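In what follows, a single structure is set out as structure tokens and then discussed.
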Amino acid sequence: MTGPSRTNGPGFTPALVCRSFAKVNLYLDVLPRRADGFHNIETVFQTVGLWDELSFAPAEDGMVALACPRAGLSTGPDNLVCRAAALLNREAGTGHGARIHLEKRIPVAAGLAGGSGNAAAALVALNSLWGLNFPQARLARLALELGSDVPYCLTGGLMAGTLRGEELHSLPPAPETWFVLVHPPVAVSTRDAYNHPLLEKNQETPFAGKTASFRRALRGLAGGDLAGTLFNRMEAPIFHTHPQLAEIKAALIGAGCAAAVMSGSGPTVYGICPSQDEAQSCRDRLAANGLECPVSVVGAVPRALEFV
């Protein structure tokens, strides 16, 4: 696994330091809209070795203060970390404070659940720091209030997700796989993609919570066919709006990746390779072919959060 090293201290002595890892979607299908306006999905999540780092210390003044050196990222009450802290205080009926420093390395709004992972880290770390002792099931319920990916980001690893993504089932680890993540500077509207006429939602009726298509994908994955599992229903509308993402997918395959797909609602597009050496060679070929976007080469990791 390759990953970044710490570059800036938090400016205080932390009581807890937590890494929150990025996720990719190996498989993502979209089912019809629900009565509450959300869509059910069927997905396979995998955490990968690209992380943000959050440092936490108690604050006696009862204020939650978030600092992040990354330009353009809000550190106000709308940030998911601050929202997670407020949600815990509301749930517990308390007014605890904290100083939090976020070292942001996962690209923002990239289909990698960076913000969701930060929220999950805040829930777990502040639950411990404030002595709330909420059980995992209670944290998972609160996580869903913050976003559909946040419950998964409490756990990580290889998991199947249904409903909004919060009904989770652990899967056996996949064969060794390395991911070549391409991070194009493109702003994607998830809302527009869900309402795009090119989004052909899966109309199959689920049986015992899963459609026939999802069952086939899970059987293929269990049989070791990771390349054949990669699928994202969101590609059609998003590639129509942002054709450069389709070009990146083709470039990844042309550079030697076994398969490639967009993660979540993008814009990150990634390819898979069976070894680190092959993944790094693909990255080098992408650069030699003129790709100017940032690229990360990372392995799979078994969990979403890691205290260091």
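Model, not experiment: these values are computed from the prediction.
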- Query: From Trp178 CH2 over to Tyr270 OH, what is the distance, rounded to the nearest 0.5 angstrom?
  - Reply: 15.5 Å
- Any side-chain heavy-atom pair of Phe179 and Val24 under 4.5 Å: yes
- So, the side chain of Gln46 versus the backbone of Ala300: is there a donor-acceptor pair under 3.5 Å, distance only? no
- So which heavy atom on Tyr152 is nearest to which on Thr47, and how close? OH-N, 3.1 Å
- Message: Measuring only between side-chain heavy atoms, which start at C-beta, is Phe307 closer than 4.5 Å to Val17?
- Response: no
- Connected via hydrophobic side-chain network under 4.5 Å: Leu112 and Val108: no
- Message: Quick check for you: to the nearest 0.5 Å, what is the distance between Glu42 atom CD and Glu167 atom CD?
- Response: 12.0 Å
- For the residue pair Leu286 and Ala251, what are the closest heavy atoms and their distance? CD2-O, 3.6 Å
- Compute whether any side-chain donor of one residue and acceptor of the other, for Asn79 and Ser74, lie under 3.5 angstrom apart. no
- Spell out, as yes or no, whether a donor-acceptor pair under 3.5 Å connects the side chain of Arg233 to the backbone of Glu200. yes
- Is Asn202 reaching over with its side chain to a backbone N or O of Val30, donor-acceptor style, under 3.5 angstrom? no
- Donor-acceptor contact below 3.5 Å, side chain Lys23 vs main chain Gly111: yes
- Message: Would you say Asn195 and Arg33 are linked by a side-chain donor-acceptor pair, where the criterion is simply a distance under 3.5 Å?
- Response: yes
- Output all residues satisfying ring pair (Phe, Tyr, Trp, His ring centres under 6.0 Å) with Phe231, sequence neighbours left out; order by chain, then residue number. Tyr27
- Item | Asp225 (side chain) donor-acceptor with Gly228 (main chain) under 3.5 angstrom | yes
- Task: Taking all non-hydrogen atoms of both residues into account, name the closest pair between His39 and Lys201 and its distance.
- Result: NE2-NZ, 3.0 Å
- Query: Counting only N and O atoms by type, is there a donor-acceptor contact under 3.5 Å from the side chain of Asn232 to the main-chain atoms of Gly264?
  - Reply: yes
- Message: Looking at every non-hydrogen atom in both residues, tell me the closest pair between Pro267 and Leu245 and how far apart they are.
- Response: O-CD2, 3.7 Å
- Would you say Asn25's side chain and Ser263's backbone share a donor-acceptor pair under 3.5 angstrom? no
- SB check Arg215 Glu204 (cutoff 4.0 Å): no
- Query: Got a second to check how far His242's NE2 is from Ser189's OG, nearest 0.5 Å?
  - Reply: 8.0 Å
- Message: Using side-chain heavy atoms (C-beta onward) and a distance below 4.5 Å, is Leu218 in contact with Lys210?
- Response: yes
- Task: Check for a donor-acceptor pair, side chain of Glu103 on one end and backbone N or O of Arg70 on the other, with a separation under 3.5 Å.
- Result: no
- Trp130 vs His96 aromatic rings, parallel, tilted or perpendicular, using cut-offs 30° and 60°? parallel
- Message: Are Val150 and Leu142 packed together at the side-chain level, in the sense that at least one heavy-atom pair is separated by less than 4.5 angstrom?
- Response: no
- Side-chain (Ser296) to main-chain (Leu181) donor-acceptor, under 3.5 angstrom: no
- Could you give the distance from CG (Leu102) to CZ (Arg105), rounded to the nearest 0.5 Å? 9.5 Å
- Nearest 0.5 Å, what's the OG1-NE2 distance between Thr75 and His101? 11.0 Å
- Would you call Leu163 and Phe38 a side-chain contact if the rule is heavy atoms closer than 4.5 Å? no
- Reported CG-to-CD1 distance for the pair Leu26 and Ile272, which is rounded to 0.5 angstrom: 8.0 Å
- Query: So do the side chains of Leu221 and Leu226 get within less than 4.5 Å of each other, counting heavy atoms only?
  - Reply: yes
- Thr241 side-chain N/O to Pro237 backbone N/O, donor-acceptor pair under 3.5 Å: yes
- Message: Testing the basics here: between Ile106 and Leu50, what is the closest heavy-atom pair and its distance to 0.1 Å?
- Response: CD1-O, 3.7 Å
- Here the pair of heavy atoms bringing Thr177 nearest to Pro175 is OG1-O, 2.8 Å
- Message: Counting C-beta onward and ignoring hydrogens, is there a side-chain heavy-atom pair between Phe134 and Leu123 closer than 4.5 Å?
- Response: no
